[in-house]
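What follows is one structure encoded as structure tokens, with my remarks underneath.
Sequence lines set the chain letters: A, B, ... in the order given, protein chains first and strands last, and positions in each chain run from 1. Every value quoted in this text rests on a predicted model; they were computed, and no experiment measured them.
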Amino acid sequence: MIEKQDHEIPIRLESDIITVRKQVRTVATDLGFGLTDVTRIVTSASELARNIMSYAGAGVMRWFAIESEHRTGIELTFADNGPGIIDIEAASEPGYSSNGGLGMGLPGTKRLMDEMEIQSEVGEGTTVIIKKWLKK
Amino acid sequence: MIEKQDHEIPIRLESDIITVRKQVRTVATDLGFGLTDVTRIVTSASELARNIMSYAGAGVMRWFAIESEHRTGIELTFADNGPGIIDIEAASEPGYSSNGGLGMGLPGTKRLMDEMEIQSEVGEGTTVIIKKWLKK
Amino acid sequence: MTNEGIAVIKVRDVLMVVIPPEPDDETVSNLQNQILRAIEKNEASGLVLDISTVEVLDSYFARMVSETTKMVALMGARTVIAGMRPSVAIATIELGLTLGNTLTALSVDRAFDILHNASNGMKPR
Amino acid sequence: MTNEGIAVIKVRDVLMVVIPPEPDDETVSNLQNQILRAIEKNEASGLVLDISTVEVLDSYFARMVSETTKMVALMGARTVIAGMRPSVAIATIELGLTLGNTLTALSVDRAFDILHNASNGMKPR
Ligand SMILES: Nc1ncnc2c1ncn2[C@@H]1O[C@H](COP(=O)(O)OP(=O)(O)O)[C@@H](O)[C@H]1O
Ligand SMILES: Nc1ncnc2c1ncn2[C@@H]1O[C@H](COP(=O)(O)OP(=O)(O)O)[C@@H](O)[C@H]1O
């Protein structure tokens, strides 16, 4: 069950990525997502958590059960106070990576989820919000 | 036969794409198009109907039998009040997609049809008109 | 929303899936799941996608087919697309689509031949 | 930091490595080293990476797998990835990843078949 008070996980160590994955798997499964969607959501969470580790050093993930027009869904927020993304558009293109990575994290997550929003301010930090709706 | 009063189909649900395809197939076949051209026209209609679903959420398709200089043809209009296309030129390039699609819908439809016209106003909506002429 | 049933038939270690003439989007997206599960369950080494009744192959469908082929490959099996109609092939190419490196065959029979020979080729005596 | 142990099993001249369900980054990065050392030490001609229990394959892991495969190939051995789950195959392709030209197999058994036949094929009598 989703408890309001502990719907946040710190991301500081590489091992926190595992914690994020486990937590997201549990929450998504509890909300009623099937295995394929759970895997899509957990994979996305893993990408965004690793981005926080790689580019910001530390941050948090928050999760919410969301409702809209008879639909239920999951919303995950990945927030950090890192360096920010200078060119969000470029960073969202497949293959763009500032550290020799595959550059598939952001564009791939967009495909895996139903909605994705990136807010970033250079020097301030980055917040990525992703959503997935339960198929009726 | 083509009836003036019901030459419009709403596009609101994914299943309406099938209705569009069936209707266009019937109309094009009745007008005398051969199987290859019918398939070109139906494929184009399927792309544009899906774009309405994906980007505008809802819209309509209208069809007309058209005449010009001893030629007969089919004209299909796909209209929506969605967000519009910011850069029509970019959107008409192969591979451009704002949602991780293949980006072949608009450029491909242009190749499959004899004529294509895109009208779009940001915040107002999009209208795409396509035509195919019967080979004499 | 209608969900036209999809037949998955097993012939030795090859699965054959017949795509309905006008699959709706839901059918198409469920297809992927059904196929991958069936391959896992049956330990099938090959997949024949029979599209001989398909009348329109738009970019949504093409994407599903080429992605499914890649997924099937990741799982260790091979896909052959069988029976594409000439009119569909013309529209598909003109639309600018490719099915990636997917193997294709004129008919289901030939598709089975291709998969059969491929696996024989890997097991020489 | 946990370092889930990785089992490296030798069957004739093929090494089999079972990847744990939730390998952490350290495990994943150690893996490469362990595998390459083991191939050298055992003069193995093939490597089977059993990923049948892996529940998530993100881009970090995918990169490690495809790089390892290339390193193994440089050392003269071949890698087969075995047992990818359907849900993982779907997410991997949708994320936009490929495993390069890595050989894949439905199960560990089949992976051994592939390596066995390949080496037979390469050493005809
Ligand atoms: N939280 C973040 N803070 C700062 N920059 C980021 C963050 N997440 C992503 N980026 C930037 O966006 C680029 C693309 O990210 P991504 O698509 O995940 O690929 P990769 O991580 O493989 O480089 C990164 O290389 C980095 O420059
Ligand atoms: N009806 C529409 N309303 C708003 N934007 C549209 C519409 N149709 C197409 N577009 C824009 O044009 C782009 C290219 O469309 P298309 O060539 O059909 O490829 P795809 O649908 O695969 O992205 C879309 O990604 C979208 O940004």
In plain terms, say whether C:Glu22 and B:Lys22 are close enough for a salt bridge, that is, a side-chain N and a carboxylate O under 4.0 Å apart. no
OH on C:Tyr60 to CE on B:Met53, rounded to 0.5 Å: 10.5 Å
So which of B:Leu112, B:Thr36, B:Thr43 has the biggest tally of heavy-atom pairs under 4.5 Å with chain C? B:Leu112
Check: C:Glu55 and B:Arg25 side chains under 4.5 Å, non-hydrogen atoms: yes
Given heavy-atom pairs under 4.5 angstrom as the criterion, report whether the side chain, backbone, both or neither of B:Ile17 touches chain C. side chain
May I ask you to check whether over 12 heavy atoms, not counting those of B:Lys132, lie within 6.0 Å of atom NZ? yes
Identify which of B:Arg40, B:Arg50, B:Glu47 forms the greatest number of heavy-atom pairs closer than 4.5 Å to chain C. B:Arg50
State whether the side chain of B:Arg111 and the backbone N or O of C:Leu95 hold a donor-acceptor pair below 3.5 Å, judged by distance alone. yes
With rounding to the nearest 0.5 angstrom, report the CG to OG distance, B:Leu35 to C:Ser87. 4.0 Å
Run the numbers on C:Arg85 and B:Thr39 for side-chain contact (heavy atoms from CB on, under 4.5 Å), then give the verdict. CA-CA 10 Å; C:Arg85 297 183 179 190; B:Thr39 306; over 6 Å; no
